[in-house]
Amino acid sequence: MKKQIAVGGHRSLHIKPKVLASSLSVSSAHYICAPDSKHTILAAPAQLLLEKFLQFHSQRFFPLSVNNRSHPVLVVDCYLNLGPQISVCYVSSRPHSVNISCPDMAFSGLLLHLCDSFVVASFLKKFQFLKDATLCVVCQDRNALRQTVVRLELEDEWQFRLRDEFQTANAKEDKPLFILTGRHV
């Protein structure tokens, strides 16, 4: 199977407001927003908005990880650029995958991006996290966010607040991605 990536390399898609009459310039800090808020609707795919936001502003989600190589962010089943200041450790939840052994490592964050049924609570319980480490869960809709939190038993070790829920700033018909962050207790 071949995959074609429409935007790749150093070429870039210009992210602009969906309303053509608007002359607003949009910074990457505005690529995500609070759900159901009044915001500038952007004419760009949700995945691109999320990737660009994380590339330039991941320190907002993972403050303990900034320039902290001894406590990276644990990223499960995806490869996302979190920028040059954030160290990451990528692992796979697939049963026959080979992951690095890190029994004594404490992670400063956890990123779960569109996780599937291979990611289970027992898999996540193998890893240790610092107090106040940040969890970031990304799903296709708000209901999937809640189902993922329950399915992975995240409420046992992570604290969530309503103001820690975000979405990409694209139009509803373009299916935004929803993001929930939390703190390790």
Side-chain angles (χ1 to χ4, degrees), residues 1-8 12-13 15-19 26 28-58 60-62 73-83 86 88 90-95 97 109-125 127 133-184:
M1 177 164 102
K2 292 183 179 180
K3 291 185 180 181
Q4 180 178 359
I5 300 173
V7 177
S12 64
L13 176 68
I15 298 173
K16 55 187 183 275
K18 193 159 185 142
V19 179
V26 181
S28 57
H30 297 103
Y31 292 176
I32 68 165
C33 59
D36 305 322
S37 66
K38 292 192 181 230
H39 61 277
T40 303
I41 297 174
L42 303 176
Q47 184 65 33
L48 177 66
L49 293 173
L50 177 67
E51 287 181 18
K52 290 294 186 183
F53 177 85
L54 289 175
Q55 182 179 358
F56 296 109
H57 301 283
S58 59
R60 284 178 47 189
F61 282 163
F62 303 107
V73 173
L74 181 66
V75 181
V76 180
D77 290 343
C78 70
Y79 295 97
L80 289 173
N81 180 0
L82 299 184
I86 306 291
V88 296
Y90 295 104
V91 295
S92 174
S93 64
R94 300 305 187 258
S97 62
L110 172 61
L111 176 60
L112 300 170
H113 180 270
L114 305 174
C115 59
D116 58 20
S117 61
F118 285 106
V119 181
V120 293
S122 60
F123 173 77
L124 295 177
K125 292 191 189 305
F127 302 101
T134 307
L135 167 69
C136 181
V137 182
V138 180
C139 291
Q140 301 92 337
D141 56 54
R142 292 171 98 175
N143 189 39
L145 273 179
R146 287 163 182 78
Q147 289 174 355
T148 300
V149 167
V150 171
R151 181 176 62 84
L152 299 177
E153 302 171 9
L154 297 174
E155 292 174 308
D156 296 346
E157 297 184 31
W158 301 88
Q159 178 183 20
F160 304 97
R161 298 178 300 195
L162 288 176
R163 67 178 178 211
D164 294 334
E165 191 172 331
F166 306 95
Q167 75 175 57
T168 54
N170 54 320
K172 285 188 180 109
E173 60 269 12
D174 294 334
K175 298 186 178 176
L177 291 172
F178 289 85
I179 303 131
L180 178 65
T181 62
R183 298 272 175 241
H184 194 263

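In this chain, numbering begins with 1 at the start of the sequence shown. Side-chain atoms are counted along with the backbone in the values below, which use heavy atoms only and exclude waters and symmetry mates.
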Could you go through V149 and W158, starting from their C-alpha distance and side-chain angles, then the distance that decides it, and tell me whether this counts as side chain to side chain contact (heavy atoms under 4.5 Å, CB included)? CA-CA 9 Å; V149 167; W158 301 88; over 6 Å; no
Whether over 12 other heavy atoms sit under 6.0 Å from K175 NZ: no
Test item: [X] and [Y] side chains (from C-beta on) under 4.5 Å apart, heavy atoms:
X: D174; Y: I41; answer: no
X: N170; Y: P45; answer: no
X: K125; Y: E157; answer: yes
X: L114; Y: C78; answer: no
X: L49; Y: I32; answer: no
X: V75; Y: L80; answer: no
X: V73; Y: S58; answer: no

About how many Å separate [atom2] of [Y] and [atom1] of [X], when rounded to the nearest 0.5 Å?
X: Q55; Y: L48; atom1: CD; atom2: CG; value: 9.5 Å
X: L110; Y: H184; atom1: CG; atom2: NE2; value: 9.5 Å
X: T148; Y: L180; atom1: OG1; atom2: CG; value: 9.5 Å
X: L154; Y: R146; atom1: CG; atom2: CZ; value: 13.5 Å

I need the minimum non-hydrogen distance between [X] and [Y], along with the two atoms involved.
X: F61; Y: L54; result: CD1-CD2, 3.8 Å
X: V137; Y: C139; result: CG1-SG, 4.0 Å
X: C136; Y: F62; result: CB-CZ, 3.8 Å
X: P176; Y: A46; result: CA-CB, 4.0 Å
X: A133; Y: G109; result: CB-N, 4.0 Å

Hey, are Q47 and H113 close enough side-chain-wise for a donor-acceptor pair under 3.5 Å?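 Result is yes, a qualifying pair exists.
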Aromatic contact, F166 with F53 (centres under 6.0 Å): no
Check ion pair R94-D116 (N to O, under 4.0 angstrom): yes
Quickly, which of L82, V76, V88 forms a side-chain contact (heavy atoms from CB on, under 4.5 Å) with L111? Name it, please. L82
Whether [X] side chain and [Y] backbone form a donor-acceptor pair below 3.5 Å:
X: T168; Y: L177; value: yes
X: S28; Y: K52; value: no
X: D77; Y: S93; value: yes

Run the numbers on I179 and Q167 for side chain to side chain contact (heavy atoms under 4.5 Å, CB included), then give the verdict. CA-CA 6 Å; I179 303 131; Q167 75 175 57; 5.9 Å; no
Please step through side chain to side chain contact (heavy atoms under 4.5 Å, CB included) for the pair V91 and F123, ending with a clear verdict. CA-CA 11 Å; V91 295; F123 173 77; 4.0 Å; yes
Once you measure the plane-to-plane angle for Y90 and Y79, does it fall in the parallel (<30°), tilted (30-60°) or perpendicular (>60°) bin?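 Plane angle between 30° and 60°, so tilted.
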